[in-house]
There are 2 protein chains.
Amino acid sequence: MMTSKTPPLSATAAADAYVLDDQVGFLMRRANQRHLAIFSEGISDLTPTQFAALAKLCELGAVSQNALGRATSMDGATIKGVVDRLRLKDLVASTPDPDDQRRILLKPTAAGWDLFEAVAPTAHQITQDTLAPLNDAEQTIFLLLLQKLT
Amino acid sequence: MMTSKTPPLSATAAADAYVLDDQVGFLMRRANQRHLAIFSEGISDLTPTQFAALAKLCELGAVSQNALGRATSMDGATIKGVVDRLRLKDLVASTPDPDDQRRILLKPTAAGWDLFEAVAPTAHQITQDTLAPLNDAEQTIFLLLLQKLT
DNA sequence: AATAACTTGTGTGTATACCAATGGATTTTG
DNA sequence: CAAAATCCATTGGTATACACACAAGTTATT
(Lines give C-alpha, C1' and ligand atoms only; values in the text may rest on other atoms or scores of the structure.)
Protein backbone atom coordinates (compact mmCIF):
# COMPACT_ATOMS: atom_id res chain seq x y z
CA MET A 1 0.00 0.00 0.00
CA MET A 2 0.89 3.61 -0.47
CA THR A 3 0.70 4.27 3.25
CA SER A 4 3.60 1.96 4.00
CA LYS A 5 5.93 4.23 2.11
CA THR A 6 4.04 7.48 2.41
CA PRO A 7 2.10 7.85 5.64
CA PRO A 8 -0.56 10.59 5.80
CA LEU A 9 1.04 13.79 4.66
CA SER A 10 0.10 17.41 4.44
CA ALA A 11 -0.07 18.65 0.89
CA THR A 12 3.31 20.33 1.31
CA ALA A 13 4.93 17.26 2.77
CA ALA A 14 3.49 15.20 -0.07
CA ALA A 15 5.00 17.67 -2.50
CA ASP A 16 8.35 17.32 -0.75
CA ALA A 17 8.09 13.56 -1.00
CA TYR A 18 7.18 13.62 -4.66
CA VAL A 19 10.24 12.64 -6.64
CA LEU A 20 9.47 12.48 -10.32
CA ASP A 21 12.15 9.92 -11.05
CA ASP A 22 10.45 7.38 -8.80
CA GLN A 23 7.05 7.56 -10.47
CA VAL A 24 5.87 4.64 -12.59
CA GLY A 25 4.64 6.87 -15.35
CA PHE A 26 7.96 8.60 -15.73
CA LEU A 27 9.90 5.35 -15.67
CA MET A 28 7.61 3.76 -18.22
CA ARG A 29 7.97 6.75 -20.48
CA ARG A 30 11.74 6.54 -20.32
CA ALA A 31 11.84 2.78 -20.79
CA ASN A 32 9.62 3.23 -23.80
CA GLN A 33 11.86 5.95 -25.20
CA ARG A 34 14.77 3.58 -25.03
CA HIS A 35 12.75 0.86 -26.72
CA LEU A 36 11.70 3.20 -29.53
CA ALA A 37 15.30 4.15 -30.14
CA ILE A 38 16.31 0.48 -30.34
CA PHE A 39 13.41 -0.22 -32.67
CA SER A 40 14.13 2.56 -35.14
CA GLU A 41 17.77 1.54 -35.19
CA GLY A 42 16.81 -1.99 -36.20
CA ILE A 43 13.81 -1.27 -38.40
CA SER A 44 13.81 2.06 -40.17
CA ASP A 45 11.16 1.28 -42.79
CA LEU A 46 8.34 1.18 -40.28
CA THR A 47 7.46 2.78 -36.98
CA PRO A 48 6.70 0.43 -34.07
CA THR A 49 3.03 1.28 -34.40
CA GLN A 50 2.98 0.58 -38.12
CA PHE A 51 4.80 -2.69 -37.60
CA ALA A 52 2.36 -3.68 -34.86
CA ALA A 53 -0.58 -3.03 -37.18
CA LEU A 54 1.03 -4.92 -40.05
CA ALA A 55 1.99 -7.85 -37.82
CA LYS A 56 -1.50 -8.08 -36.39
CA LEU A 57 -3.01 -7.93 -39.84
CA CYS A 58 -0.75 -10.77 -41.00
CA GLU A 59 -1.84 -12.68 -37.91
CA LEU A 60 -5.57 -12.07 -38.36
CA GLY A 61 -6.04 -12.09 -42.11
CA ALA A 62 -8.82 -9.85 -43.41
CA VAL A 63 -10.36 -7.58 -40.79
CA SER A 64 -12.02 -4.20 -40.73
CA GLN A 65 -10.06 -1.08 -39.85
CA ASN A 66 -11.73 -0.62 -36.48
CA ALA A 67 -11.26 -4.30 -35.64
CA LEU A 68 -7.57 -3.97 -36.38
CA GLY A 69 -7.50 -0.94 -34.14
CA ARG A 70 -9.06 -2.87 -31.28
CA ALA A 71 -6.63 -5.74 -31.79
CA THR A 72 -3.71 -3.34 -31.55
CA SER A 73 -5.12 -1.03 -28.87
CA MET A 74 -5.51 1.98 -31.10
CA ASP A 75 -8.63 4.09 -31.29
CA GLY A 76 -10.39 4.77 -34.57
CA ALA A 77 -8.63 8.03 -35.30
CA THR A 78 -5.19 6.57 -34.65
CA ILE A 79 -5.59 3.36 -36.62
CA LYS A 80 -6.90 5.34 -39.57
CA GLY A 81 -3.69 7.34 -39.85
CA VAL A 82 -1.56 4.24 -39.42
CA VAL A 83 -3.47 2.31 -42.08
CA ASP A 84 -3.35 5.28 -44.44
CA ARG A 85 0.42 5.30 -44.20
CA LEU A 86 0.66 1.54 -44.65
CA ARG A 87 -1.47 1.85 -47.77
CA LEU A 88 0.72 4.63 -49.10
CA LYS A 89 3.62 2.21 -48.77
CA ASP A 90 1.61 -0.49 -50.54
CA LEU A 91 1.85 -2.84 -47.60
CA VAL A 92 -1.86 -3.02 -46.96
CA ALA A 93 -4.81 -3.12 -49.35
CA SER A 94 -8.40 -2.23 -48.58
CA THR A 95 -11.65 -3.41 -50.17
CA PRO A 96 -15.20 -2.62 -49.18
CA ASP A 97 -16.84 -5.36 -47.12
CA PRO A 98 -19.69 -6.81 -49.22
CA ASP A 99 -21.51 -7.94 -46.07
CA ASP A 100 -21.37 -4.58 -44.30
CA GLN A 101 -21.23 -1.35 -46.21
CA ARG A 102 -19.76 0.52 -43.29
CA ARG A 103 -16.65 -1.59 -43.19
CA ILE A 104 -13.38 -1.52 -45.03
CA LEU A 105 -11.71 -4.91 -45.22
CA LEU A 106 -7.96 -4.75 -44.82
CA LYS A 107 -5.42 -7.28 -46.02
CA PRO A 108 -1.65 -7.25 -46.25
CA THR A 109 -0.38 -7.00 -49.82
CA ALA A 110 2.26 -9.40 -51.09
CA ALA A 111 4.81 -6.71 -50.32
CA GLY A 112 3.30 -6.39 -46.83
CA TRP A 113 3.72 -10.10 -46.19
CA ASP A 114 7.24 -10.07 -47.56
CA LEU A 115 8.25 -7.14 -45.40
CA PHE A 116 6.68 -8.64 -42.31
CA GLU A 117 8.47 -11.94 -42.81
CA ALA A 118 11.69 -10.17 -43.59
CA VAL A 119 11.70 -8.04 -40.45
CA ALA A 120 10.05 -10.42 -37.96
CA PRO A 121 13.42 -11.85 -36.85
CA THR A 122 14.71 -8.34 -36.35
CA ALA A 123 11.61 -7.51 -34.34
CA HIS A 124 12.35 -10.47 -32.10
CA GLN A 125 15.87 -9.21 -31.70
CA ILE A 126 14.60 -5.75 -30.81
CA THR A 127 12.53 -7.24 -28.01
CA GLN A 128 15.61 -9.03 -26.77
CA ASP A 129 17.80 -5.96 -27.02
CA THR A 130 15.23 -3.95 -25.12
CA LEU A 131 15.25 -6.52 -22.34
CA ALA A 132 19.01 -7.03 -22.47
CA PRO A 133 19.72 -5.15 -19.20
CA LEU A 134 17.77 -7.89 -17.41
CA ASN A 135 18.84 -11.49 -16.94
CA ASP A 136 16.62 -14.37 -18.05
CA ALA A 137 14.68 -14.65 -14.80
CA GLU A 138 14.20 -10.91 -14.59
CA GLN A 139 12.96 -10.76 -18.18
CA THR A 140 10.34 -13.40 -17.47
CA ILE A 141 9.17 -11.63 -14.33
CA PHE A 142 9.12 -8.26 -16.01
CA LEU A 143 6.97 -9.46 -18.88
CA LEU A 144 4.66 -11.21 -16.44
CA LEU A 145 4.20 -8.12 -14.29
CA LEU A 146 3.82 -5.93 -17.35
CA GLN A 147 1.04 -8.17 -18.54
CA LYS A 148 -0.68 -7.83 -15.19
CA LEU A 149 -0.65 -4.08 -15.66
CA THR A 150 -2.61 -4.43 -18.85
CA MET B 1 18.34 -15.60 -24.04
CA MET B 2 16.18 -15.35 -27.07
CA THR B 3 17.38 -18.74 -28.29
CA SER B 4 15.84 -20.53 -25.35
CA LYS B 5 12.40 -19.56 -26.54
CA THR B 6 13.11 -19.00 -30.20
CA PRO B 7 15.82 -21.23 -31.67
CA PRO B 8 17.23 -20.30 -35.10
CA LEU B 9 14.31 -19.79 -37.40
CA SER B 10 13.74 -19.21 -41.06
CA ALA B 11 12.20 -15.84 -41.79
CA THR B 12 8.82 -17.45 -42.28
CA ALA B 13 9.03 -19.45 -39.08
CA ALA B 14 10.05 -16.32 -37.23
CA ALA B 15 7.02 -14.58 -38.66
CA ASP B 16 4.84 -17.44 -37.49
CA ALA B 17 6.35 -17.20 -34.04
CA TYR B 18 5.89 -13.48 -33.82
CA VAL B 19 2.95 -12.79 -31.56
CA LEU B 20 2.42 -9.10 -31.12
CA ASP B 21 0.83 -9.45 -27.72
CA ASP B 22 4.02 -10.95 -26.29
CA GLN B 23 6.31 -8.13 -27.38
CA VAL B 24 7.70 -5.78 -24.76
CA GLY B 25 6.98 -2.70 -26.80
CA PHE B 26 3.35 -3.57 -27.20
CA LEU B 27 2.91 -4.41 -23.54
CA MET B 28 4.61 -1.22 -22.45
CA ARG B 29 2.41 0.81 -24.75
CA ARG B 30 -0.70 -0.77 -23.30
CA ALA B 31 0.46 -0.43 -19.71
CA ASN B 32 1.19 3.19 -20.42
CA GLN B 33 -2.23 3.71 -21.97
CA ARG B 34 -3.81 2.43 -18.80
CA HIS B 35 -1.64 4.70 -16.69
CA LEU B 36 -2.55 7.74 -18.80
CA ALA B 37 -6.23 6.95 -18.36
CA ILE B 38 -5.82 6.70 -14.59
CA PHE B 39 -3.85 9.93 -14.57
CA SER B 40 -6.34 11.99 -16.52
CA GLU B 41 -9.11 10.66 -14.33
CA GLY B 42 -7.35 11.89 -11.21
CA ILE B 43 -5.77 15.08 -12.57
CA SER B 44 -7.61 16.77 -15.37
CA ASP B 45 -5.94 20.17 -15.15
CA LEU B 46 -2.60 18.92 -16.43
CA THR B 47 -1.31 16.20 -18.70
CA PRO B 48 1.22 13.75 -17.23
CA THR B 49 3.94 15.44 -19.23
CA GLN B 50 2.98 18.90 -18.03
CA PHE B 51 2.82 17.70 -14.45
CA ALA B 52 6.22 16.06 -14.79
CA ALA B 53 7.72 19.32 -16.04
CA LEU B 54 6.06 21.34 -13.30
CA ALA B 55 7.09 18.88 -10.60
CA LYS B 56 10.68 18.86 -11.80
CA LEU B 57 10.74 22.64 -11.93
CA CYS B 58 9.46 22.79 -8.35
CA GLU B 59 12.17 20.32 -7.43
CA LEU B 60 14.99 22.14 -9.20
CA GLY B 61 14.14 25.81 -8.78
CA ALA B 62 15.25 28.09 -11.61
CA VAL B 63 16.61 26.28 -14.64
CA SER B 64 16.78 26.91 -18.35
CA GLN B 65 14.24 25.41 -20.69
CA ASN B 66 16.64 22.92 -22.23
CA ALA B 67 17.92 21.90 -18.81
CA LEU B 68 14.37 21.21 -17.70
CA GLY B 69 13.94 19.16 -20.84
CA ARG B 70 16.98 17.07 -20.03
CA ALA B 71 15.82 16.57 -16.45
CA THR B 72 12.47 15.28 -17.69
CA SER B 73 13.75 13.37 -20.71
CA MET B 74 12.16 15.62 -23.30
CA ASP B 75 13.96 16.97 -26.32
CA GLY B 76 14.10 20.67 -27.08
CA ALA B 77 11.11 20.76 -29.36
CA THR B 78 8.94 18.83 -26.93
CA ILE B 79 9.81 20.76 -23.78
CA LYS B 80 9.19 24.01 -25.62
CA GLY B 81 5.58 23.09 -26.32
CA VAL B 82 5.07 21.86 -22.78
CA VAL B 83 6.52 25.01 -21.24
CA ASP B 84 4.50 27.19 -23.60
CA ARG B 85 1.31 25.56 -22.36
CA LEU B 86 2.37 25.83 -18.72
CA ARG B 87 3.03 29.53 -19.27
CA LEU B 88 -0.35 29.98 -20.90
CA LYS B 89 -1.83 28.55 -17.73
CA ASP B 90 0.30 30.90 -15.63
CA LEU B 91 1.98 28.05 -13.82
CA VAL B 92 5.48 28.87 -15.01
CA ALA B 93 7.22 32.20 -15.53
CA SER B 94 10.26 32.90 -17.67
CA THR B 95 12.95 35.54 -17.39
CA PRO B 96 16.08 36.00 -19.49
CA ASP B 97 19.25 34.65 -17.87
CA PRO B 98 21.58 37.61 -17.21
CA ASP B 99 24.62 35.32 -17.36
CA ASP B 100 23.77 33.74 -20.71
CA GLN B 101 21.76 35.60 -23.28
CA ARG B 102 20.69 32.41 -25.00
CA ARG B 103 18.93 31.09 -21.95
CA ILE B 104 15.47 31.53 -20.57
CA LEU B 105 15.26 30.95 -16.85
CA LEU B 106 12.10 29.17 -15.79
CA LYS B 107 10.46 29.27 -12.40
CA PRO B 108 7.10 28.05 -11.10
CA THR B 109 4.69 30.90 -10.37
CA ALA B 110 2.87 31.05 -7.04
CA ALA B 111 -0.07 29.42 -8.78
CA GLY B 112 2.31 26.76 -10.12
CA TRP B 113 3.56 25.96 -6.63
CA ASP B 114 0.04 25.90 -5.26
CA LEU B 115 -1.18 23.55 -7.96
CA PHE B 116 1.79 21.25 -7.58
CA GLU B 117 1.32 21.00 -3.84
CA ALA B 118 -2.39 20.52 -4.25
CA VAL B 119 -2.10 17.64 -6.70
CA ALA B 120 1.06 15.94 -5.43
CA PRO B 121 -0.93 13.62 -3.11
CA THR B 122 -3.19 12.73 -6.01
CA ALA B 123 -0.15 12.03 -8.15
CA HIS B 124 1.09 9.62 -5.50
CA GLN B 125 -2.28 7.95 -5.52
CA ILE B 126 -2.17 7.66 -9.30
CA THR B 127 1.13 5.84 -9.06
CA GLN B 128 -0.43 3.49 -6.54
CA ASP B 129 -3.55 2.94 -8.60
CA THR B 130 -1.44 2.19 -11.64
CA LEU B 131 0.47 -0.44 -9.69
CA ALA B 132 -2.62 -1.75 -7.92
CA PRO B 133 -2.83 -5.01 -9.93
CA LEU B 134 0.50 -5.97 -8.33
CA ASN B 135 1.07 -6.87 -4.70
CA ASP B 136 3.68 -5.05 -2.63
CA ALA B 137 6.57 -7.33 -3.50
CA GLU B 138 5.67 -7.29 -7.17
CA GLN B 139 5.45 -3.51 -7.17
CA THR B 140 8.94 -3.22 -5.74
CA ILE B 141 10.36 -5.65 -8.27
CA PHE B 142 8.56 -4.04 -11.15
CA LEU B 143 9.89 -0.58 -10.33
CA LEU B 144 13.36 -2.00 -9.88
CA LEU B 145 13.35 -3.78 -13.23
CA LEU B 146 11.80 -0.76 -14.91
CA GLN B 147 14.63 1.33 -13.59
CA LYS B 148 17.13 -1.11 -15.04
CA LEU B 149 15.53 -0.64 -18.43
CA THR B 150 16.26 3.05 -18.29
C1' DA C 1 42.31 37.04 -31.45
C1' DA C 2 40.09 34.23 -34.78
C1' DT C 3 38.13 30.06 -35.78
C1' DA C 4 35.85 25.94 -34.64
C1' DA C 5 32.75 23.49 -31.88
C1' DC C 6 29.00 23.46 -29.12
C1' DT C 7 24.66 25.14 -26.73
C1' DT C 8 20.12 27.33 -26.67
C1' DG C 9 15.86 28.37 -28.23
C1' DT C 10 12.95 28.23 -32.24
C1' DG C 11 10.61 26.52 -36.42
C1' DT C 12 9.09 22.84 -39.68
C1' DG C 13 7.58 18.26 -40.74
C1' DT C 14 6.01 13.70 -39.59
C1' DA C 15 3.82 10.34 -36.55
C1' DT C 16 1.40 8.65 -32.75
C1' DA C 17 -2.67 9.17 -29.53
C1' DC C 18 -7.05 10.46 -27.72
C1' DC C 19 -11.52 13.14 -27.47
C1' DA C 20 -15.66 14.76 -29.48
C1' DA C 21 -18.70 15.13 -33.23
C1' DT C 22 -20.83 13.51 -37.58
C1' DG C 23 -23.24 10.87 -41.24
C1' DG C 24 -24.24 6.54 -42.88
C1' DA C 25 -25.15 1.53 -42.00
C1' DT C 26 -26.55 -2.23 -39.08
C1' DT C 27 -28.44 -4.39 -35.06
C1' DT C 28 -31.34 -4.44 -31.13
C1' DT C 29 -35.64 -3.56 -28.95
C1' DG C 30 -40.03 -2.22 -27.97
C1' DC D 1 -41.98 -2.92 -38.32
C1' DA D 2 -40.31 1.35 -36.53
C1' DA D 3 -37.38 3.60 -33.09
C1' DA D 4 -33.40 3.42 -30.39
C1' DA D 5 -29.03 2.00 -29.77
C1' DT D 6 -24.83 0.70 -31.66
C1' DC D 7 -21.12 0.45 -34.97
C1' DC D 8 -18.12 2.26 -38.68
C1' DA D 9 -15.11 5.39 -40.87
C1' DT D 10 -13.89 10.06 -41.04
C1' DT D 11 -12.81 14.76 -39.47
C1' DG D 12 -11.08 18.44 -36.44
C1' DG D 13 -8.76 19.72 -32.40
C1' DT D 14 -5.15 19.26 -28.85
C1' DA D 15 -0.89 17.27 -27.00
C1' DT D 16 3.18 14.65 -26.90
C1' DA D 17 7.55 13.21 -29.31
C1' DC D 18 11.46 13.20 -32.30
C1' DA D 19 14.34 14.52 -36.45
C1' DC D 20 16.23 18.21 -38.79
C1' DA D 21 17.69 22.75 -39.78
C1' DC D 22 18.65 27.48 -38.26
C1' DA D 23 20.39 31.79 -36.01
C1' DA D 24 22.42 33.74 -32.24
C1' DG D 25 25.28 33.24 -28.17
C1' DT D 26 29.10 30.87 -25.56
C1' DT D 27 33.10 27.97 -24.96
C1' DA D 28 37.13 25.63 -26.60
C1' DT D 29 40.98 25.36 -29.67
C1' DT D 30 44.63 26.87 -32.06
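What you see is a predicted model; the values in this text were computed from it and never measured. Proteins come first, then strands; the chains are lettered A, B, ... in the order of their sequence lines, and each starts at number 1.
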- [ ] Using a cut-off of strictly less than 4.0 Å between a heavy atom of the residue and any atom of DNA chain D, enumerate the qualifying residues of residues 29-53 of chain A by number.
- [x] A:Arg29, A:Gln33

Task: Pairwise salt bridge (charged side-chain N to carboxylate O under 4.0 Å, His left out) hits with a residue in residues 61-80 of chain A, at least two apart - done: A:Lys80-A:Asp84

Open item on the list: I'd like the 5' and 3' limits of the part of DNA chain C contacted by chain A, with heavy-atom contacts below 4.0 Å.
Closed with: C:dA15 to C:dT26

Open item on the list: Quick test of your reading: applying ring pair (Phe, Tyr, Trp, His ring centres under 6.0 Å), list the pairs with at least one residue in residues 39-80 of chain B, sequence neighbours left out, ordered by first then second residue.
Closed with: A:Tyr18-B:Phe51, B:Phe51-B:Phe116

TODO: Determine, stepwise, if the pair A:His35 / B:Met28 fulfils side-chain contact (heavy atoms from CB on, under 4.5 Å).
DONE: CA-CA 9 Å; A:His35 169 68; B:Met28 287 199 297; 3.7 Å; yes

Scan nucleotides 25-29 of chain D against the protein and return all N/O pairs shorter than 3.5 Å with their distances rounded to 0.1 Å.
from: D:dG25; atom 1: N2; to: B:Arg102; atom 2: NH1; distance (Å): 2.9
from: D:dT26; atom 1: OP1; to: B:Gln101; atom 2: N; distance (Å): 2.9

Open item on the list: Suppose the criterion is ring pair (Phe, Tyr, Trp, His ring centres under 6.0 Å): which pairs have a residue in residues 62-88 of chain B, not counting sequence neighbours?
Closed with: none

Task: Atom pair CG/CG of A:Leu86 and A:Leu88 - distance to nearest 0.5 Å - done: 9.5 Å

TODO: For A:Lys89, enumerate each residue passing the side-chain hydrogen bond (donor to acceptor under 3.5 Å, both in side chains) test, keeping only those at least two apart in sequence or located in another chain.
DONE: A:Gln50

Open item on the list: Please confirm whether the shortest side-chain N or O distance from B:Arg85 to OP1 or OP2 of D:dA15 is below 4.0 Å.
Closed with: yes

Open item on the list: From CG of B:Leu88 over to P of D:dT14, roughly how many Å is that when rounded to an integer?
Closed with: 12 Å

- [ ] Taking side-chain contact (heavy atoms from CB on, under 4.5 Å) as the test, write out the residues that go with A:Asp100, two or more places apart.
- [x] A:Asp97, A:Arg102, A:Arg103

With a 3.5 Å cut-off and sequence neighbours excluded, list the donor-acceptor pairs that the side chains of residues 141-150 of chain B form with protein atoms.
from: B:Lys148; atom 1: NZ; to: A:Glu138; atom 2: OE2; distance (Å): 2.7
from: B:Thr150; atom 1: OG1; to: B:Leu146; atom 2: O; distance (Å): 3.2

TODO: Start with the C-alpha gap between A:Gln23 and A:Arg29, add the side-chain angles, then the distance that decides, and say whether side-chain contact (heavy atoms from CB on, under 4.5 Å) holds.
DONE: CA-CA 10 Å; A:Gln23 307 305 309; A:Arg29 187 161 70 83; over 6 Å; no

Task: Shortest non-hydrogen contact between A:Gly76 and A:Asn66, atoms and distance - done: CA-OD1, 4.2 Å

TODO: Can you see which heavy atom on B:Leu54 is nearest to which on B:Pro108, and at what distance?
DONE: CD1-CB, 4.4 Å

- [ ] Could you tell me which residues satisfy side-chain contact (heavy atoms from CB on, under 4.5 Å) with A:Ile38, sequence neighbours excluded, listed by chain and number?
- [x] A:Arg34, A:Ile126, A:Asp129, A:Thr130

Task: Contact list for DNA chain D against residues 66-82 of chain A - heavy-atom distance below 4.0 Å - done: A:Asn66, A:Arg70, A:Gly76, A:Ala77, A:Lys80

Table please: side-chain donor-acceptor pairs of residues 58-65 of chain B below 3.5 Å, with sequence neighbours left out.
from: B:Glu59; atom 1: OE2; to: B:Lys56; atom 2: NZ; distance (Å): 3.4
from: B:Ser64; atom 1: OG; to: B:Ala67; atom 2: N; distance (Å): 3.2

